[in-house]
Amino acid sequence: MLLHFPVALTEDGWRENVLIGIEGRTITSLASGVSAPAGAASQRGIAVPGVANVHSHAFQRAMAGLVERRGPEDDSFWTWREVMYRFLAQMTPDDIEAVAAQLYVEMLEAGYTCVGE
């Protein structure tokens, strides 16, 4: 597959008229300053390297909205942690796997290409 971008951020900086060759999930070639050859998919916008999420805590995705409200005056980081641990204690390994899988799909759709837990 060949993708042609008007602008791309490469290891050498911003380049114009960039042709990226892809086989499977691997970038096999990259050339700048070239026109789109026949058969290349011309893209609009810019190409940037994938973004890494290096601090995910995927299981917390399932509890979004449970503690993001103003609580009593004595509400703190520690009361948030208590809610988190009570919530997590009710989850099974299958629940956590399902939550993580959904989160990873959402991150991939948003441009993240790797994650650290």
Side-chain angles (χ1 to χ4, degrees):
M1 171 191 317
L2 292 174
L3 301 176
H4 187 269
F5 291 88
V7 177
L9 179 59
T10 72
E11 63 184 10
D12 298 321
W14 291 101
R15 298 292 180 251
E16 294 183 357
N17 293 312
V18 177
L19 184 65
I20 301 173
I22 301 172
E23 291 182 22
R25 296 174 54 182
T26 304
I27 294 175
T28 57
S29 63
L30 189 142
S32 61
V34 297
S35 298
S42 294
Q43 306 296 306
R44 295 173 33 186
I46 62 172
V48 295
V51 179
N53 178 342
V54 296
H55 194 87
S56 175
H57 296 298
F59 71 90
Q60 291 180 6
R61 177 70 172 89
M63 63 178 271
L66 293 178
V67 293
E68 284 86 6
R69 298 183 299 265
R70 181 174 178 88
E73 289 187 24
D74 61 347
D75 197 16
S76 70
F77 170 76
W78 300 108
T79 55
W80 173 86
R81 284 178 56 100
E82 290 169 6
V83 171
M84 177 186 66
Y85 285 123
R86 278 196 312 271
F87 180 81
L88 191 55
Q90 297 176 29
M91 295 183 78
T92 67
D94 288 341
D95 293 335
I96 295 170
E97 181 180 16
V99 168
Q102 179 63 39
L103 174 67
Y104 297 157
V105 166
E106 291 172 5
M107 287 193 315
L108 187 59
E109 289 173 345
Y112 291 92
T113 57
C114 61
V115 62
E117 282 298 335

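It should be emphasised that the depicted structure is a prediction, and the values quoted were computed from it without experimental measurement.
Summarising the geometry of Met91 relative to Ala62, their closest heavy-atom pair is CE-CB, 4.2 Å, with the distance given to 0.1 Å. The minimum heavy-atom distance linking Tyr112 with Ala52 is given by the pair CD2-C, 3.9 Å. Counting all heavy atoms, side chain and backbone alike, Ser42 lies closest to Ala36 at OG-CB, 3.8 Å. Counting all heavy atoms, side chain and backbone alike, Phe59 lies closest to Phe87 at O-CE2, 4.5 Å. Across every non-hydrogen atom of His57 and His55, the tightest pair is NE2-NE2, 2.9 Å. Considering every non-hydrogen atom in both Tyr104 and Ala58, the closest pair reads OH-CB, 4.0 Å.
Note: the hydrophobic cluster containing Leu19 does not contain Ile22 (ILVMFWY, side chain heavy atoms under 4.5 Å, direct or indirect links). The hydrophobic cluster containing Met63 does not contain Leu103, counting ILVMFWY residues as joined when their side-chain heavy atoms lie under 4.5 angstrom apart, directly or transitively. Using a 4.5 Å cut-off between side-chain heavy atoms of Ile, Leu, Val, Met, Phe, Trp and Tyr, with links allowed through other members, Leu3 and Leu30 fall into the same hydrophobic cluster. Linking Ile, Leu, Val, Met, Phe, Trp and Tyr residues whenever their side-chain heavy atoms come within less than 4.5 Å leaves Val54 and Leu108 in two separate clusters. Linking Ile, Leu, Val, Met, Phe, Trp and Tyr residues whenever their side-chain heavy atoms come within less than 4.5 Å places Trp78 and Met84 in a single cluster.
With Ser29 contributing its side chain and Ile20 its backbone, the two residues share no donor-acceptor pair below 3.5 Å. A distance-only check finds a donor-acceptor pair linking the side chain of Gln43 to the backbone of Ala41 [under 3.5 Å]. Between the side chain of Thr26 and the backbone N or O of Thr28 there is no donor-acceptor pair closer than 3.5 Å.
A distance of 6.0 Å separates OG in Ser35 from CG in Asn17, rounded to the nearest 0.5 Å. Atoms OG and CE, from Ser56 and Met107 in turn, are 4.5 Å apart once rounded to the nearest 0.5 Å.
Here the side chains of Val7 and Arg15 are not in contact, with every heavy-atom distance at 4.5 Å or above. Side-chain contact between Leu9 and Ile46 is absent, with no heavy atoms from C-beta onward closer than 4.5 Å. Residues Thr92 and Glu97 are not in side-chain contact: their nearest non-hydrogen atoms beyond the backbone lie 4.5 Å or more apart. Looking at His4 and Val18, their side chains never come closer than 4.5 Å, going by heavy atoms from C-beta outward. Side-chain contact check for Leu2 versus Pro37: some heavy-atom pair is nearer than 4.5 Å. Using a 4.5 Å cut-off on side-chain heavy atoms (C-beta onward), Ile96 and Leu88 make contact.
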